[in-house]
**Student:** 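This is the structure I want to talk about, given as structure tokens.
As the structure lists them, so they are numbered: ligands from 1, and atoms in each ligand from 1.
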Amino acid sequence: MRFLANLLFALLLISASSVFAVDAIKPISLIGDKTQGSLIVGQVASGAKVFLDGVPLKVADNGVVVFGFGRDAALDHSLTIVSANGEKHIETITLIKRDYKVQRVNGISKKIMNPNKKNQTRSSSEAKMVRKARATDSTRQDFMAGFIQPVQGPVTGVYGSQRFYNGQPKRPHFGVDYAAPVGTPVIAPASGVVTLAHDDMFYSGGTLLVDHGFGVSSTFMHLSKILVKDGQEIKQGDVIAEVGKSGRATGAHLDWRINWYEHRLDPQLVMNAMPSKVVFK
Ligand SMILES: [Zn+2]
């Protein structure tokens, strides 16, 4: 009897320590694709610091960290986690290189193709407003609830494709385009706060930016109508705008983008990786 009790006690100790060991040797949990254009959400123990390629990342009180990789991001990165007791762990991240499509868009007006001085000045001041909105650095964690598609319709443009407008090579496309009739409601893919609502920008027409926290934001372009105001809090699924064809667009569609600060990410990739509440395993 005594022997059995000792054995049972020993078994309990072993199982308890192995459970503890699994948690203790995992300094960070990550969700997201290790590829160009991806958003990655991680969680560390409270009090830990995290550095991406030597640059400190903002760590939330609940240990959540976020980072993203642009279209042409380098493939090799290092993540350094320094725990509250000073223990250092380095994890290498190797991204998969992506191939991007070539897309030709014709029928763009001369006014848009060869902007005059006035329109050049206008578009550069508008670009400044967008950059400022994307630099918003809040502690919201709306991205943790995942992302839903903001409008239903066929995909007519994807992230990363090399664009030729009227045969001329221009900047790559950074959003996902959904074709839908003018006036189709656009819903918020995630909750957040409106950081920019502009009725008519030179290239992007009716333009809306929403902050989802920690540098993660959405951009919506070519809108015919914006139904929310600067500074307004919105919930995932709220109707925030209507599809249009304003700015450099040849037909009615929504162009939806996801950004991590100045980095442009692939909205389809992010939505597929985080379609609902983020749960760390
Ligand atoms: Zn587009």
**Student:** Mind listing the closest non-hydrogen atom pair of Ala84 and Ser46 along with its distance?
**Tutor:**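 Of all heavy-atom pairs spanning Ala84 and Ser46, the closest is CB-O, 4.2 Å.
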**Student:** Name of the Asp177 N, O or S atom nearest the Zn ion (ligand 1)?
**Tutor:**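 Relative to the Zn ion (ligand 1), the closest nitrogen, oxygen or sulfur of Asp177 carries the name OD1.
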**Student:** Strictly below 4.0 Å, N to O, side chains only: are Arg163 and Asp177 in salt-bridge contact?
**Tutor:**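 Asp177 and Arg163: salt-bridged.
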**Student:** Write the atom name of the N, O or S atom in Asp255 that is nearest the Zn ion (ligand 1).
**Tutor:**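 Among the N, O or S atoms of Asp255, the one closest to the Zn ion (ligand 1) is OD2.
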**Student:** Run the salt-bridge test on Asp266 and Arg98 with the 4.0 Å N-O cut-off and return the result as yes or no.
**Tutor:**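 A salt bridge links Asp266 with Arg98.
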**Student:** With a cut-off of 2.8 Å, does His222 put an N/O/S atom close enough to the Zn ion (ligand 1)?
**Tutor:**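 His222 does not place any N, O or S atom closer than 2.8 Å to the Zn ion (ligand 1).
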**Student:** Is it true that Arg131 and Glu126 have a side-chain N and a carboxylate O under 4.0 angstrom from each other?
**Tutor:**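 A salt bridge is absent here (no side-chain N lies under 4.0 Å from a carboxylate O).
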